[in-house]
Amino acid sequence: MLVIQLKVSKDNALIDASYRLSLTEMQIVLYGIGLINPTQPEFPLNYRIDIKKFADMFNRSHGQIYQEVKEAIVKRFWERDFSYLDEKGRTVTLRWLTKMVHEDKSGYIEIKFSEEIQPYLHQLQGNFTTYYIDKIAKFKSIYSVRLYEYSIMYLNKNKMDAGRLPILISEIKNKLGLDNKYNRFCDFKIRVLEKAKNEINESSDIKFDYKIIKLGRSPYKIEFIISRKEKQKHPIDNKNYKHNKISTTALEAAKKLVLSSGTGWDLYVIEQQFYDFIKIKGKPDNLEGAFIGFVNSKIKNKP
DNA sequence: TCGCCACGGTTCGCATGAAC
DNA sequence: GTTCATGCGAACCGTGGCGA
């Protein structure tokens, strides 16, 4: 079975936003985002979801999948929104979709993302996070997806392979849309944190753990302990990795270029893009030179 | 230091409604 | 129709505070 490797790029504000979707709804969003090329000038708001490809991607191949996806969109996703704090500290609430078209038995559903969401998915400038859908495709819990995104965002943003991220319990519950749920911490721990931890460690490219920090006897903060799995640290195949690794000197030079360009781009993301690029084009003789050229070209052609 | 008490967390399990 | 998510009760356990 051929499954296309879709890459998801989201503005960090969207990952940081407070919202709650069911697993199917989140998979629809990710599939749609996966079809977007975040650097292309055009942003086609309409997306055609091929139900068969969707089912293959998320390992949900069975006879009812079209009906399930259709009902998930028509009955629930249509009403869903998400909110975030803008630069003035105001709460902004947006709808995900503005239109959906379905024709039973066609095998396709068309959705249209709202125009307001475009800046969070398209022509992203530096402050965004990228990962492959296949890393989260096996997750059964929506919280695993959200915590995975949050972890990847943290590692990429700080250009780390491992780190610790402390966060208030009230804050993480807010981000997960669980403000008025799981009033007992033990329920939150078992049903959200433990479940996510198991799924992320089992199926994704990162290791995820957490430490509960208490004030007296009451938990008030969680410290997420996140690291990239060894074999996933390098985005190209392991057997060739040592021959293809970009030197620290070249990375430093590229970092200076990015800083002076004022784009605010994440060098880690550019590095990933370069590895993808040479996967297709083949390894250049002068890897460092090609990388610097790649960065220069991106800066020159920035939107 | 020890023992007691109160408070809050943990575990188990069941009920209910939503999602699949 | 089945599975999953959520809420909550009951019993038990661990910890902190306090007095002897």
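Every chain is numbered from 1 and lettered A, B, ... according to where its sequence line falls, protein lines coming before strand lines.
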Pairs where residues 188-198 of chain A contributes a residue and the test salt bridge (charged side-chain N to carboxylate O under 4.0 Å, His left out) is met, not counting sequence neighbours
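Those involving residues 188-198 of chain A are Asp187(A)-Arg191(A), Lys197(A)-Asp209(A).
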
Protein and nucleotides 10-14 of chain B: nitrogen or oxygen contacts under 3.5 angstrom:
from	atom 1	to	atom 2	distance (Å)
dG13(B)	O6	Arg191(A)	NH2	3.2

Can you tell me which residue among Arg228(A), Lys135(A), Lys157(A) is in a side-chain contact (heavy atoms from CB on, under 4.5 Å) with Ile152(A)?
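Testing Ile152(A) for a side-chain contact (heavy atoms from CB on, under 4.5 Å) against Arg228(A), Lys135(A), Lys157(A) leaves exactly one candidate, Arg228(A).
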
To the nearest Å, give me how far apart OH (Tyr143(A)) and C1' (dA19(B)) are.
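It works out to 12 Å between those atoms.
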
Send over the distance from Arg146(A) CZ to dA5(C) C1', rounded to a whole Å.
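So the CZ-C1' distance, Arg146(A) to dA5(C), works out to 17 Å.
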
Side chains of Thr129(A) and Asn156(A): any donor to acceptor distance under 3.5 Å?
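Note: Asn156(A) and Thr129(A) side chains miss the donor-acceptor criterion.
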
Contact class for Phe188(A) (heavy atom, under 4.0 Å): base, sugar-phosphate, or nothing?
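No contact at all - Phe188(A) keeps every heavy atom at 4.0 Å or more from the nucleic acid.
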
Is it possible for you to say whether Met160(A) and Tyr148(A) belong to one hydrophobic cluster, with membership spreading through side-chain heavy-atom contacts below 4.5 Å?
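Yes: a chain of side-chain contacts under 4.5 Å links Met160(A) to Tyr148(A).
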
Where is the tightest heavy-atom contact between Leu155(A) and Asp161(A), given as atom of each residue plus distance?
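Taking every non-hydrogen atom into account, CD2-C, 4.1 Å.
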
Taking only residues two or more places apart in sequence, or in another chain, which ones meet Tyr131(A) in a side-chain hydrogen bond (donor to acceptor under 3.5 Å, both in side chains)?
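In terms of side-chain hydrogen bond (donor to acceptor under 3.5 Å, both in side chains), with neighbours along the sequence ignored, Tyr131(A) is linked to Glu149(A).
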
Lys195(A) side-chain N/O to dA5(C) phosphate OP1/OP2 under 4.0 Å:
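Yes, because at least one side-chain N or O of Lys195(A) sits under 4.0 Å from OP1 or OP2 of dA5(C).
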
